[in-house]
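Have a look at the structure below before the remarks.
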Amino acid sequence: MAPSRIVALAKVIEANTTKLDEYFAKNSLPPPSFEEDAPLMYQFPPDIAVAQEALSAAIDELSWLNQGPIQTIVAKSFATSVGLKTILKYNIHNLVPLETGTTFLELADKTGVPVKKLTRLLRYGMTDHFLREPTPGHVKHTIATKALVLMPILATWAQMGMYEVGPAKMRIVDAVAKWPESEEPQHAGFCLANNTDKPMFEFFEEHPDRMSRFKDAMSFLQTFPGLENSYVLKGFDWASLGKATIVDVGGSHGLVSIDIAKNFPELRFIVQDLPKVIEDAKTKVPAELADRMTFIAHDFFTEQPAKDADIYYFRWILHDWSDKYCIKILKALIPALKPGARIILSERCLEPPCTLPLLQEKWNRDSDITMMATSNSQERDQDDWEELFRITDPKFKLEEIKRMEGAKLDLIIVSLFPET
Ligand SMILES: C[S@@+](CC[C@H](N)C(=O)[O-])C[C@H]1O[C@@H](n2cnc3c(N)ncnc32)[C@H](O)[C@@H]1O
């Protein structure tokens with residue numbers, strides 16, 4: 001008799017755990033643990049990264065099967081991050097001294113939260129390994145809460161998830177039910193969650209602290225494995241452009257442009273974004289690049305003022321907008337396009353469903369749903385991209401979809417061909 005699925009999964013888990021363990025031993029790396037001195041992250045070579053991903057997928061599936069449908073639904077319907085939110089809200093990660101720790105009483109005193117409530121909230125978080133209680137009443141870090149201390153940007157990311165994306169996702173189904181056919185960005189879960197009729201980015205313009213948190217969180221995303229700027233650098237032959245101008249549309253602080261500029265000294269950059277973002281971005285450009293980087297406030301729904309550039313680069317812009325608005329953005333660009341100009345998108349080109357390992361499929365689906373929740377927009381597959389450009393102008397030609405091993409964003413290269 002063939003082994004049952006749970007035994008097959010257990011074997012996958014054993015095989016891949018062994019591979020990881022051998023890798024740790026061979027490279028004298030401490031294995032993962034919850035202890036404060038555990039490594040924050042490993043830089044795995046590709047074969048070990050594959051083993052780690054296979055392990056996570058098998059653990060996920062085995063955990064599901066082991067819990068069964070009823071317990072899984074009960075657990076998922078109650079899933080929250082109350083413990084982590086408590087820690088972030090009261091800056092508790094920074095109030096617990098590394099190594100020695102502190103007490104619930106001291107934390108209550110410093111945060112002003114009644115000790116009984118704070119203890120309950122934190123003990124709940126401890127079931128997720130956020131802080132620990134080695135002896136009753138004594139609170140110490142785990143490696144997870146220490147990571148928040150060592151990497152403030154990780155705390156910013158988590159806050160953005162909890163205060164922006166999480167609530168928006170919680171209201172997404174209500175938004176679909178309320179505005180089923182809408183392509184409007186103000187008909188997103190985000191708007192219901194924030195009781196606003198403004199789209200997210202307009203809403204953020206009126207809440208600079210939240211705009212700033214969003215922007216910082218985006219910059220953290222660039223450090224995620226698979227999202228590093230190195231993929232943009234190697235995915236396109238920037239050197240072949242010679243002396244050329246790149247317009248980074250909706251480029252925020254121009255972090256991608258800055259990396260390209262550092263590597264290709266003949267290239268000049270115009271970074272465009274909303275006025276408040278540009279005001280801030282201008283103050284942060286590295287001095288050595290200042291003569292090659294211009295920052296201009298430009299609303300990408302209006303005609304592109306930077307004419308005749310060689311490349312118009314959009315990173316993570318079009319997935320923020322439904323087709324109706326992407327078409328407006330692209331049409332506003334057309335008058336600026338000289339013959340030979342190219343549009344390069346750093347976007348996900350979704351693979352056909354059920355062709356990817358489960359965790360990669362989850363990443364894609366989560367990204368798509370995050371777009372729906374925050375902006376009533378979407379991730380797109382190849383057919384969607386082709387259709388979008390064809391509807392905008394049949395002269396657009398999708399030249400190449402460049403997928404790169406390990407990359408979570410593809411490069412989509414498009415040109416506007418003259419009518420024949
Ligand atoms: C998801 S972020 C991407 C930022 C940057 N390209 C990156 O990859 O880090 C979207 C950007 O679009 C900008 N944006 C939103 N609406 C805009 C508009 N109408 N005109 C220009 N930029 C806009 C936002 O301020 C934000 O910086």
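We count ligands from 1, going down the list as the structure has it; atoms in each ligand are counted the same way.
- Under the 3.5 Å distance criterion, the side-chain polar atoms of Lys146 are matched with a main-chain donor or acceptor of Glu36.
- Enclosure of atom NZ in Lys338 by more than 12 non-hydrogen atoms of other residues, nucleotides or ligands within 6.0 angstrom is indicated.
- Within ligand 1, the atoms closer than 4.0 Å to a non-hydrogen atom of Met218 are 1 (C), numbered from 1 in the order shown.
- Ion pairing between Lys178 and Asp174 fails under the 4.0 Å rule for side-chain N and carboxylate O.
- Considering each of Phe204, Phe300, Phe214, the one bringing a non-hydrogen atom nearest atom 16 (N) of ligand 1 is Phe300.
- Shown here is Lys19, whose NZ atom has no more than 12 heavy atoms of other residues, nucleotides or ligands within 6.0 Å.
- The contact set between ligand 1 and Asp320, taken as ligand atoms under 4.0 Å from a residue heavy atom, comprises 1 (C), 10 (C).
- Residue Phe301 touches ligand 1 through its side chain alone, judged by heavy-atom distances below 4.0 Å.
- Looking at atom 12 (O) of ligand 1, its nearest protein heavy atom turns out to be Ile317 CD1, 3.6 Å.
- Residue Phe78 places its CZ atom among 12 or fewer non-hydrogen atoms of other residues, nucleotides or ligands, all under 6.0 Å distant.
- Here the two rings, on Phe214 and Phe201, have centers that are under 6.0 Å apart.
- Counting heavy atoms closer than 4.0 Å to ligand 1, residue Leu255 contributes nothing at all.
- Close approach of ligand 1 to Trp316 (heavy-atom distance below 4.0 Å) involves ligand atoms 1 (C), 3 (C).
- Residue Arg315 has at least one N or O atom closer than 3.5 Å to an N or O atom of ligand 1.
- Within a 6.0 Å sphere centred on CZ of Arg365, heavy atoms belonging to other residues, nucleotides or ligands number more than 12.
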Mind running side-chain hydrogen bond (donor to acceptor under 3.5 Å, both in side chains) on Glu53 and Gln360 for me, showing each step along the way? CA-CA 9 Å; Glu53 192 169 312; Gln360 289 175 32; 2.9 Å; yes
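- Between Gly250 and ligand 1, at least one N/O pair is under 3.5 Å apart.
- Residue His298 places a heavy atom less than 4.0 Å from ligand 1.
- The residue among Val249, Asp299, Leu274, Asp273 with a heavy atom at the shortest distance from atom 25 (O) of ligand 1 is Asp273.
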